[in-house]
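Remarks on the structure that follows.
Residue numbering restarts at 1 for every chain, and letters A, B, ... go by the order of the sequence lines.
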Number of protein chains: 2
Amino acid sequence: MGALPTIHDVARVAGVSRQTVSNVLNSPDIVRPDTRDRVTTAIAELGYRPHESARRLRTRKSSTIGIRIDPMTDGISGSVLDRFLHALTEQAAAQGLRVMLFTATDPDDEIRQFARLRDGADVDAFVLTSTFHGDPRTEWLIENEQSFVTFGRPWGIDDMNDPAHLWVDVDGWWGLHEATTALLAQGRRRVGYIGWPSPSGTGDDRRRGWHDAMLAGSGLTDAQLAPLAIATPDGVTPGGAALRALLAGSPGVDPVDAVVCASDSLALGALIASAGAIPVIGYDNTPVAQALGLSSVEQPLDEVASGVLELLTGAHRGRPDAGPATDPRHRLVRPRLVLRSPAPLPTP
Amino acid sequence: MGALPTIHDVARVAGVSRQTVSNVLNSPDIVRPDTRDRVTTAIAELGYRPHESARRLRTRKSSTIGIRIDPMTDGISGSVLDRFLHALTEQAAAQGLRVMLFTATDPDDEIRQFARLRDGADVDAFVLTSTFHGDPRTEWLIENEQSFVTFGRPWGIDDMNDPAHLWVDVDGWWGLHEATTALLAQGRRRVGYIGWPSPSGTGDDRRRGWHDAMLAGSGLTDAQLAPLAIATPDGVTPGGAALRALLAGSPGVDPVDAVVCASDSLALGALIASAGAIPVIGYDNTPVAQALGLSSVEQPLDEVASGVLELLTGAHRGRPDAGPATDPRHRLVRPRLVLRSPAPLPTP
DNA sequence: AGCAGGAATTTGAACGATCAAATTGCACAA
DNA sequence: TTGTGCAATTTGATCGTTCAAATTCCTGCT
């Protein structure tokens, strides 16, 4: 086998012109059925595939999505990005889109990478993860009229309706609300919460989920709830320490009889520290949670990925002002609570 | 700002021809220094970047590496691929290479993806992970003269010298040898091994590392060592079960006083089951191990990534027969033993 | 001054696809 | 028969770059 067949080869074999072959590929409906058949036969016979770079050069579209891959400093929850990446790659491929990776040391560096990839016409849209309030990356992308969608809300004022950019996010409020409600339904009353210090968009959202569910279902007041929540850095050890504090109680504060956490890392620490004495629910449904039988809130990353792609390829084409105002500019998907057997840890 | 500047714009501003600009970019040494300066100034002034697709079309090189991303069924060790991906992306970028992802449901599907990406001229080399004996993917790639490097040995007969393809791997034998030796140095004598059933290239290699270290340093014979090794599927629960069996001993077999494992999943199970009674060493140094203070063998994924890129861009250019026979066709890197504090688990 | 010979630079063509405009084919009405 | 209108197809130009060959520029030598 010599060189790869070009559109010209296909045209010759099928006895038509280049453009007709191109039309069969890109707008089949304007080609007469019998010619179309002849062309598709020739394509199959030669094993022809369009040269993507040539196509990109002409159409000025790269059909490629750029996404940054993190340095894995996340600890246990690192696999969330990994799973999202898989879902995104898979669903993008189904739509003829490719996923290209890049790394960056900090937000400013990431912006430099944006410029590099845009200038090289390597990608025509970006997917951002881990957004935060006043994120310079989204500002740059908006200014430079780059298509992008974020996995994560902008976390600003009225972020839910912010028309400035397109986003998909998981409803952490709902996830912790569900988890807490499930524990209340099991007869628990003093459900504690272990989360991260404010301000944290994601963290505060999750805490509110717990808080609202408790307010509605536990009979406790705002003031009584306050000592049941602990803010601590993420990690297994802090999680264990927090749980011991909650179990010990304090003067005038009874111990908790269950706990929900903002992450599986915290939950793992809590699970080990509690030694199965009280139920623990984590967040992210990481492999560790699955392995240990830890209940957890699972983010439906498939849905997030499809939502991201929809915003990227839909009416807005990744640009908030490009589509009709009636089209949704964001999507909030509901996580799923995974309840597992209560006593997973082998008794030593 | 209108359209992106092209090489022609740069040429006009610098008062030279297209080709001279091209030369400044691709072979600066043949351009006279003062012209070169004029051109680079113009490039900086306009913020020019070559259009990668145009370049790819002309040169028939994509400067892009394709790598499959797994569906994360790996459990706890899944993050190894993630970390490798990060290292690869980072180092590839430093050499002007891009990393493109794809997914596949099985080896045959992966081969179809190879063809798709090759035909679209999207990538010009592949990086394979998780190779196994008689891997159909490597066969296809060799037949079709595709550039590729594997992370993992071919695991065939005389794989260490197999000239058929280029590979980089981590010396699992050495890792377990180190781990075992470290335990022996601490005064342990009956170090057990929990691993996977044969045949498993990686698994058998790691078991041999333990075996050889024990033979040399424990004073036990081949026959005495046999009952100290347990083969079991990967996972936390199997790891716990295996450890309990090893701790219980059997008629004529004393309990173990330490244990090394083929994975962090197994080690985590063992760690929990042993409740800190004996030291446990895992493999992969996953976030879980770091979080729990579990000793583990760390794969130097940076080194693996740079080794892969060296083989891809070096004399062989990703094709085993392309370079001089004297050039190394593979690279075996040594893992690093990370010893952590012995009793990380809080006593319930 | 004239010329050889190499270095530096420029010019025309090509990579493989799509776009825009031109052309052909065909059915039907005048 | 001839023209009209629309559908189907073809032709020439172009995207931005690099290759290959042609050209210009310079230096040193006779």
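Side-chain contact, A/D109 with A/T105: a donor N or O sits under 3.5 Å from an acceptor N or O.
Going from atom CD of B/E52 over to atom P of D/dT17 covers 9 Å, rounded to whole Å. For B/Y48 and D/dG16, the OH to C1' distance is 7 Å, given to the nearest whole Å. To the nearest angstrom, C1' of C/dT18 lies 5 Å from CZ of A/R58. A/H8 places its NE2 atom 12 Å from the P atom of D/dG12, with the value rounded to the nearest Å. B/L46 places its CG atom 14 Å from the P atom of D/dG16, with the value rounded to the nearest Å. One can place CD1 of A/I30 at 12 Å from C1' of D/dT10, the figure rounded to the nearest angstrom. When rounded to the nearest whole Å, the span between CG of B/L57 and C1' of D/dC19 equals 13 Å. If you measure from atom CG of B/D34 to atom P of D/dC26, you get 11 Å, rounded to the nearest angstrom.
Among the protein residues, A/R49 comes within range of the sugar-phosphate backbone only, with heavy atoms under 4.0 Å from sugar or phosphate atoms but none that close to a base.
Toward the 5′ end of DNA chain D lies the nearest nucleotide of A/D29, the other residue of the pair A/R18 and A/D29 mapping further downstream. For the pair A/P33 and B/P50, nearest-nucleotide mapping onto DNA chain D gives the more 5' position to A/P33. When the nearest nucleotides of DNA chain C are assigned to B/Q19 and A/T6 by heavy-atom distance, the more 5′-ward of the two goes with B/Q19.
Between B/D122 and A/R56 there is a salt bridge, since a side-chain N of the basic residue sits under 4.0 Å from a carboxylate O of the acidic one. Ion pair B/K61/B/D124 not flagged as a salt bridge, since none of the NZ, NE, NH1 or NH2 atoms sits closer than 4.0 Å to an Asp/Glu carboxylate oxygen.
Residue A/N23 has no polar side-chain atom (N or O) positioned under 4.0 Å from OP1 or OP2 of D/dA8. The phosphate of D/dT10 (OP1 or OP2) has a side-chain N or O of A/S17 nearer than 4.0 angstrom. When the side-chain nitrogen and oxygen atoms of B/R60 are compared with OP1 and OP2 of C/dA14, none of them lie within a distance under 4.0 Å. Contact annotation: A/S22 side-chain N/O to C/dT18 OP1/OP2 distance is under 4.0 Å. For A/T20, a side-chain nitrogen or oxygen approaches OP1 or OP2 of D/dT10 to under 4.0 Å. Residue B/T35 places at least one side-chain N or O closer than 4.0 Å to OP1 or OP2 of C/dT9.
The aromatic ring centroids of B/H330 and B/W167 lie less than 6.0 Å from each other.
Side-chain proximity of A/H51 to D/dT9, C/dG16, C/dC15: nearest is C/dG16. Closest contact between the side chain of A/R32 and the listed nucleotides D/dT10, C/dT10, D/dA8 involves D/dA8.
From B/L85, atom CG reaches atom CD1 of A/I69 across 4.0 Å, with rounding to the nearest 0.5 Å.
Residue B/R38 is tested with B/V16, B/T20, B/I43 for a side chain to side chain contact (heavy atoms under 4.5 Å, CB included); the sole match is B/V16.
No donor-acceptor contact under 3.5 Å links the side chain of B/R55 to the base of D/dT17.
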